[in-house]
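Working notes, beginning with the structure itself.
Everything quoted here is computed from the prediction, not taken from an experiment.
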Amino acid sequence: MKKNTIVRHCFSRKYISLCIFLLLGIIGEKAFAYSVWETYANETEGIYFSLQESIKITGVVKDNKGEPIIGANIVELNKKGNGTITDIDGKFTLSVSKNAEISISFIGFDEKKIKIGQQTSFDIILEESSQFLDEVVVVGMNNRQTRRSVTGAISTIQTKELKQSPVANLSNALAGKLPGLITVQTSGQPGEDASSLFIRGVGTYGTSNPLVVIDGLPRSQTDFNQLDANEIESVTILKDASSSSLYGIQGANGVIVVTTKRGVDREKPLISFTVQQAVQQPIRLPETMSSYEQALYYRDMDMNDGQTERYTPEVLDIIKNGSDPYLYPNVNWFDEILKKNSMQSQYNINISGSALGKLRYFISGSYVNQGTLLKHQDIFEKNYGVKSKFDRYNFRSNVDLDATSMLNIRIDLAGRLETRVGPGSDFSNVFSVITTRSPSSQPVFNPDGTLGAGSALEIPFQQNPYGIVTQSGYYTRHTNVMSGTLSAKHKLDFITKGLSAQVYFSFESNNYQHTTRLQSFDSFWYKGKDATGEAIYQPHSVKSRLSTTDSRWVERYTYLDVRLNYDRTFAEKHQISAQLLGNRTLRSQNAELPYAYQGISSRIAYNFDTRYYLEANIGYNGSENFPPKKRYGFFPSFSAGWVLSDEKFISLPSSQVKTYLDIEFLNDSILKNIKTTDVSEEDMAKNHIENMQFSFKHPIIYSNKKIYKKWDCGYIFCVVILKVQYLHKR
């Protein structure tokens, strides 16, 4: 269970208001979050209370089906900053000026305005917005399109949804929120708890990770994982060939397109400060046998095998009663080594705005700290002067400058500092040890306080988990990442209207330093007492000095691309947009030979009256990692869309029906790896086509069907896909 309590303070020049929002969600953790939201910078007057008479209003916001809308914005008009949001029941409370007018809005719904008179309680119904498909989304190569004009398979999530999950790793915030995206988290280690991402499953041998593009430039998945959600405007995944063919071979597993926030024109800077405190806890841990249950199991096994029973009745009684916990221990290693929960802290402050009418900026800084589930951190810190943790500092500065009416310059800088500290044997080894360790293998401590190594039931052959956590040494891992982008876009309207040229140059430098200091520790096998009553101890391991190993390496990436863009509308109904792009990526690590990737791509899209859409994409790119005559691949695609709901013979209120036709051309050499899957889909489609009767009266029936028809084009393999999609904003 996770409990989020978000307290939002909204300050402005003329008043101070306090808004409390309680959110309860079953998402596997408990979290308390405190944030200061949209704090507007004042000039010199400071902050003071308004003496204007105010009244308190309450209400509930629902959709047209009667369902409460969570997080709807309630804002008093003409009084900047005075607002609140609805709680989990759609309810709100707000103090407003007498005779004020309020605005109620939420994504996907039409804004509603209400004038406040004598009424103080409201039941508000929001209607679904018909503008949903006119929302602008970012697609391949930083192109922007409205939803209705997108003919490829994409899904988008905004920053609001990302910030709802108080996670340190951004990949975990995507879980279950984007259709077609599979997330698999295999570790909870601080700083190493990223999820593996797969778009529409595993599509290739070897690595199946999708390409990550941040602000139009290729980055690593680690760069994506360690982004702060407060920096992000939107995340879009490109799922099929028609949407990702611009990226060529790099887009074989799909593409994740990330757009970070940028400054907008506003009179005053907008400052946002967010604090989140979260409690992390395991959802489920293995349940282990006790020593007595284990003894009964082995006794039954010996009886069934006809072997001599290893546990006598007297020994069973000792184990059951726990009368000799040193010779016959019963240790639950999960309880001994792991805490029930650990703390996580996140802080972010960002400022955005504009200056001089030409400069727009967004600047963000954040800090994240993750604690560990390991117990005995006081002993660990006393021994080595460090504490198991993960610390991360993020910085981002996005600046846009209108140098002239024709020239726009973009300068982006981003960096992060990461520090990971843990026991010398690593967290994964600790968890492996306590998972496989028998409860009767050894006591934590012997009668004299030394670390146990064995018991009367097992001879020593494994190290004491308590010693592994507190006395086996430690590691520190430092990661420093710095990236920057310089872009210039110049309008070429003097050649033809709608034409522009753009140049991108980006660099990234990653510096890693991993230091491990290991040592063994004293442990003894307690064998009981001799005839004189003296305790018998046999040494198992002896404490050593710390040994140090250190590794350092540097990775550098440079990216350059040149683009020619064209976007123009003719006769109000004919819109054409096109792009021609050439790019090159160079990667080097330490003294290794550089790795290069380069290619060209082009895109052309046409729509008539925002009803009929045609789009063609071509990618031609490759790498020197392949043989000289097979370094480049050709990746074209064609897609078409038809918005049926805009036709006069179809009337679908608050819904949209759209038909897509995708023609995807794939290299035959690539299809060899997925030939079996294609054949299976074709057989399924063939059975469907033979019995299909299509009718416009029931467009929803075939919303998830794909109809395949394939021709063997020789070297190029063709796939024609007809898709009918029913889009309904709920």
Side-chain angles (χ1 to χ4, degrees), residues 4-25 33-40 54-97 100-116 119-132 134-136 156-165 229-230 232-234 261 264 266-268 270-274 276 348 350 352-353 729-730:
N4 286 354
T5 304
I6 302 176
V7 182
R8 304 185 180 274
H9 289 259
C10 312
F11 298 92
S12 79
R13 295 174 55 186
K14 296 185 178 181
Y15 65 88
I16 297 178
S17 65
L18 177 65
C19 318
I20 300 179
F21 172 53
L22 178 63
L23 172 64
L24 300 176
Y34 172 88
S35 66
V36 179
W37 176 58
E38 294 189 350
T39 303
Y40 288 87
S54 64
I55 59 174
K56 180 181 290 186
I57 62 172
T58 61
V60 59
V61 181
K62 299 180 180 179
D63 60 19
N64 53 14
K65 295 181 181 179
E67 296 293 330
I69 298 178
I70 304 172
N73 295 299
I74 318 296
V75 178
E76 180 181 357
L77 299 177
N78 301 320
K79 193 172 183 182
K80 183 179 288 185
N82 186 27
T84 185
I85 56 178
T86 55
D87 62 15
I88 56 174
D89 297 317
K91 298 179 180 180
F92 70 91
T93 301
L94 181 65
S95 294
V96 298
S97 305
E101 185 178 12
I102 62 172
S103 167
I104 304 95
S105 62
F106 189 70
I107 296 175
F109 292 84
D110 290 328
E111 181 184 10
K112 193 167 188 176
K113 296 180 180 179
I114 299 176
K115 289 186 177 180
I116 307 299
Q119 185 179 356
T120 58
S121 180
F122 301 88
D123 291 324
I124 302 168
I125 304 297
L126 293 185
E127 298 294 333
E128 293 177 350
S129 174
S130 59
Q131 303 299 317
F132 173 66
D134 292 326
E135 178 184 336
V136 175
T156 301
I157 187 173
Q158 305 296 329
T159 181
K160 183 175 182 178
E161 289 87 349
L162 291 173
K163 291 165 64 175
Q164 287 177 348
S165 302
N230 295 280
I232 296 176
E233 185 69 32
S234 66
K261 293 181 178 179
V264 296
R266 63 173 72 249
E267 293 182 0
K268 298 177 182 179
L270 173 64
I271 302 174
S272 175
F273 178 64
T274 304
Q276 287 187 333
N348 174 268
N350 60 69
S352 62
K729 178 62 179 176
R730 293 179 294 177

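Of all heavy-atom pairs spanning Thr156 and Ser234, the tightest one is CG2-CB, 4.2 Å. For Pro68 against Gly90, the heavy-atom pair with the smallest separation is CB-N, 3.8 Å.
Between Ile74 and Phe122, the closest side-chain pair of non-hydrogen atoms is not below 4.5 Å. Contact of the Phe106 side chain with the Asn73 side chain is not registered, since no non-hydrogen atoms from C-beta on lie closer than 4.5 Å. With a 4.5 Å cut-off on side-chain heavy atoms, Ile102 and Leu77 do not count as touching. Side-chain contact between Asn350 and Asn230: present, with at least one pair of heavy atoms (C-beta onward) separated by less than 4.5 Å. Residues Thr86 and Lys91 form no side-chain contact, since every pair of their non-hydrogen atoms from C-beta on lies 4.5 Å or further apart. Within the 4.5 Å cutoff, the side chain of Ile69 has no heavy atoms near those of the Glu67 side chain. Between Leu126 and Asp63, every side-chain heavy-atom pair lies at or beyond the 4.5 Å cut-off. Annotation: side chain of Ile114 is not in contact with side chain of Glu101 (no heavy-atom distance under 4.5 Å).
For Glu233, there are no side chain to side chain donor-acceptor pair (under 3.5 Å) partners two or more places apart in sequence or in a different chain.
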Intermediate values then yes/no, side chain to side chain donor-acceptor pair (under 3.5 Å), Ser103 and Glu111: CA-CA 7 Å; Ser103 167; Glu111 181 184 10; 2.3 Å; yes

Side chain to side chain contact (heavy atoms under 4.5 Å, CB included) for Ile124 and Val60? Distances and angles first, verdict last. CA-CA 6 Å; Ile124 302 168; Val60 59; over 6 Å; no

One pair to check against side chain to side chain contact (heavy atoms under 4.5 Å, CB included): Asp87 and Ile70. What are the steps and the verdict? CA-CA 6 Å; Asp87 62 15; Ile70 304 172; over 6 Å; no

Ile104/Val61 under side chain to side chain contact (heavy atoms under 4.5 Å, CB included): CA gap, chis, key distance, verdict: CA-CA 8 Å; Ile104 304 95; Val61 181; 4.1 Å; yes

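Distance alone, capped at 3.5 Å, is enough to place a donor-acceptor pair between the Thr159 side chain and the Ala229 backbone.
Open room surrounds NZ on Lys62; 12 or fewer heavy atoms of other groups in view lie less than 6.0 Å from it.
Note that the OG atom of Ser97 and the CD1 atom of Ile116 stand 10.5 Å from one another [nearest 0.5 Å]. Rounding to the nearest 0.5 angstrom, the gap separating the CD1 atom in Ile125 from the NZ atom in Lys112 is 7.0 Å. Note that OG1 of Thr93 and NZ of Lys56 are 6.5 Å apart. Values are rounded to the nearest 0.5 Å. One distance of note links CD1 of Ile57 with OG of Ser95; it measures 8.5 Å at 0.5 Å rounding.
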